[in-house]
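Residue numbers start at 1 and run along the sequence shown. Every heavy atom of this structure was used, including side-chain atoms; hydrogens, water molecules and symmetry mates were not.
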Amino acid sequence: MKQKSEKLYTAKQITSALIAFIFILGLLCLYYGSSFVPALSRSEGEHDGTDPVLGGNIRDFDDLFEDQEHNPEVPKSIPICDIKHSELIPCLDRNLIYQLKLKPNLTLMEHYERHCPPPERRFNCLIPPPIGYKIPIRWPESRDEVWKANIPHTHLAQEKSDQNWMVVNGEKINFPGGGTHFHDGANKYIVSLARMLKFPNDKLHNGGNIRNVLDVGCGVASFGAYLLSHSIIAMSIAPNDVHENQIQFALERGIPSTLGVLGTKRLPYPSRSFELAHCSRCRIDWLQRDGILLLELDRLLRPGGYFAYSSPEAYALDPENRRIWNAMHDLLRRMCWRVAVKKDQTVIWQKPLGNGCYLKRDPGMQPPLCSTGDDPDATWNVHMKACIAPYSAKMHKERGSGLVPWPKRLTAAPPRLEDIGVSPEQFHEDTNIWQFRVNEYWKQMKSVVRKNYFRNVMDMNSNLGGFGAALKDTDVWVMNVAPVNMSARLKIIYDRGLIGTVHDWCEAFSTYPRTYDLLHAWGVFSEIQEHGCGVEDLLIEMDRILRPDGFVIIRDKPLIINYIRKFVTALRWDRWLSEVEPRSDALSLSEERVLIARKKLWREGVSAM
């Protein structure tokens, strides 16, 4: 009897323990499961989380960091690079060339071309600003002065002191507007070019027919800076050479510019993109390799486009300079260019309007015409070709580009839409959609953005240029970036009177750190994921090129946004955050969300609020 009672007591103990275990397990499931079930709807009268501007749902600030507490894979911090890397450009780092034991041809300028690090050599850290860095001076004052602490290099001021490039003035560096060939200022020089060409009212824009200019070997881009007041936008390019900070100064000033070199590869711009190319004593050997560099300019110029060349070779009495001038004149004559005008040390050539001259050349004349299989718009990692790219049959027939004058061309459907299979109706719909989208972005940021806050803007997936066109009434310029698989559309950007480049976002962009105020990424992260590239790598690269206090607008699929949101604190992009579900439209990538974040100004070990 006693043994039976003991068994019964033991069974009750086991039953009680099981009940207690199940109860505790249920509490645990209820506690941890609440993080993964949808939130209950609020009662009427309470704040329902709806964004009053966009009409989409907006998450509370605290909710944005909820995942970071429960996901151990999310970094709480990202390492800071050594201060010696404060000006790092990963794909233009000459130290990498030595480390990888590459043997670039110095004569052909290959050491100034892109050489990107393999994944195991990437700097997976945040680039610190230099000691004493300040928020950049705003446009238009920045055209004439920048903080010396932001670019602590004064050797150009000493080296070019007789040419009025720049002057050190206490805590600032001033830019009087001079250049190698225009010591008295770029404005007077621009007017002199217009007078040489006998354009109406001495205006270089020629009634809006000259809009896009390529300035080669631009220095600190004062020529491009003063063109802006003439309704002309220049793509000012120079290599990261002995004047290594010239483009950094240009971008700090808020002038459209980029690092680039006429070396062995085509410049990343489509054919027939510029009305004027400009070289003011740019130290380029135009006669090398059968004139291949002049042939690259020929590819880029529109029908009837001009090449303004200011150099001692044009009229100097020195026998060697005369020889260079005569050889250059002969080469351009065989390329069917003509001298439009010459004066003192400046000569301006003009391209033909059609293919007539090419067809009349003697058989075997050099340089030859490019083969019919050559695509003049293919530019990413494509080597230059020593041949003349003839016009398309349509351009030849119309004897010109068929573009309307600026500013009408910004919204007019360009003729080359047909080349990419886009109708005028689709083009206008795209323009209208982006105007609405940009208006909504501004409404979303209006509480934290003041007038003239943005100057240097980048659209990381430019499509037809609708985002940039929507900013027409603001005092900004936009670097429109066409991903490699969409590079054919970049010609439409230029036909609208805007500028841009081709790029592969699996690699670092060719610019200095801290050069853009706003980065807009529409569908970019979804695209690079499909190519097997890392989201984290691109986030670190965006941080490198984003100025402190700058903004990112990321528009992508909800899963992508949810993942990126986990990194904002580690990136120090949490000075201000907003996330919304935008209205669906014809361009929507199925379901989309928009995350806008603002980067803090921080220094190593210190974060400024």
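The closest side-chain heavy-atom distance from Val220 to Phe175 is below 4.5 Å. Counting heavy atoms from C-beta on, the side chains of Cys336 and Pro352 come closer than 4.5 Å. Leu518 is not listed as a side-chain neighbour of Tyr453, based on a closest heavy-atom distance of 4.5 Å or more. Contact check for Ile135 versus Pro548: side-chain heavy atoms found under the 4.5 Å cut-off. Here the side chains of Met365 and Arg334 are in contact, with some heavy-atom distance below 4.5 Å. With contacts defined as side-chain heavy-atom distances shorter than 4.5 Å, the pair Arg409/Pro414 does not qualify.
To the nearest 0.5 Å, atom OG1 of residue Thr511 and atom CD1 of residue Ile89 are 7.0 Å apart. Taking OG1 from Thr411 and NZ from Lys472, the interatomic distance works out to 7.5 Å, rounded to the nearest 0.5 Å. Atom-to-atom distance recorded for Asn456:CG and Asp517:CG is 5.5 Å, nearest 0.5 angstrom. Rounding to the nearest 0.5 Å gives a distance of 10.0 Å between CD of Glu296 and CG of Leu301. Rounded to the nearest 0.5 angstrom, Ile292 CD1 and Leu297 CG are separated by 12.0 Å. Distance check: Asp285 CG to Met328 CE gives 9.5 Å after rounding to the nearest 0.5 Å.
Between His396 and Tyr391, the ring centre distance reaches or exceeds 6.0 Å. Ring centroids of Phe307 and Trp286 are separated by less than 6.0 Å, placing the two rings close together.
By the neighbour-count criterion of 12 heavy atoms within 6.0 Å, atom CD of Glu418 is sparsely surrounded, having that number or fewer from other residues, nucleotides or ligands. Counting non-hydrogen atoms of neighbouring residues, nucleotides and ligands closer than 6.0 angstrom, the CD1 atom of Ile131 reaches no more than 12 such neighbours. For CD of Gln366, the number of neighbouring non-hydrogen atoms (other residues, nucleotides, ligands) closer than 6.0 Å is greater than 12. More than 12 heavy atoms of other residues, nucleotides or ligands lie within 6.0 Å of CG in Asn326, so this atom counts as buried by the packing criterion.
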Taking only distance into account, with no hydrogens and no angle test, what donor-acceptor pairs under 3.5 Å do side-chain atoms of residues 197-206 form with protein atoms, sequence neighbours excluded?
{"from": "Asp202", "atom 1": "OD2", "to": "Arg195", "atom 2": "NE", "distance (Å)": "3.1"}
{"from": "His205", "atom 1": "ND1", "to": "Gly207", "atom 2": "N", "distance (Å)": "3.0"}
{"from": "His205", "atom 1": "ND1", "to": "Gly208", "atom 2": "N", "distance (Å)": "3.2"}

Using the rule given for side chain to side chain donor-acceptor pair (under 3.5 Å), can you reason through His230 versus Asn187, listing the C-alpha separation, both sets of side-chain angles and the distance that settles it, and then say yes or no? CA-CA 9 Å; His230 295 259; Asn187 233 353; 3.1 Å; yes
Let's go through Ser510 and Arg114 carefully: what are the C-alpha distance in whole Å and the side-chain angles of both, what is the deciding distance for side chain to side chain donor-acceptor pair (under 3.5 Å) to 0.1 Å, and is it a yes or a no? CA-CA 8 Å; Ser510 294; Arg114 290 172 57 85; 2.7 Å; yes
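The two residues Gly468 and Val478 have their closest heavy-atom pair at CA-CG2, 4.0 Å. A pairwise comparison of heavy atoms in Tyr189 and Ser310 identifies OH-OG, 2.7 Å as the closest pair. Contact record, Pro368 with Ala386: CD-O, 3.6 Å, taken as the closest heavy-atom pair.
Ion pairing of Glu110 with Lys265 is absent here, as no side-chain N (NZ or NE/NH1/NH2) approaches a carboxylate O to less than 4.0 Å. Using a 4.0 Å cut-off between charged side-chain N and carboxylate O, Asp374 and Arg266 make a salt bridge. A salt bridge is defined here as a Lys NZ or Arg NE, NH1 or NH2 lying under 4.0 Å from an Asp or Glu carboxylate O, and Lys134 with Glu171 meets this definition. At a threshold of 4.0 Å, the pair Glu252-Arg143 does not count as salt-bridged, since none of the basic side-chain nitrogens sits closer than that to a carboxylate oxygen. Using a 4.0 Å cut-off between charged side-chain N and carboxylate O, Asp495 and Lys491 make no salt bridge. Look at Asp330 and Arg333 and you find a salt bridge, because one of the NZ, NE, NH1 or NH2 atoms lies within 4.0 Å of a carboxylate O, short of that distance.
Remark: Thr431 engages Arg496 in a side-chain hydrogen bond (donor to acceptor under 3.5 Å, both in side chains) (not counting sequence neighbours).
Between the side chain of Ser273 and the backbone N or O of Pro270, at least one donor-acceptor pair lies under 3.5 Å.
Checked options Thr264, Leu108, Leu92; the residue passing with Glu113 is Thr264 (criterion: side chain to side chain contact (heavy atoms under 4.5 Å, CB included)).
In this structure, His503 and Trp505 have perpendicular ring planes: the angle between them is above 60°, well past the 30° mark.
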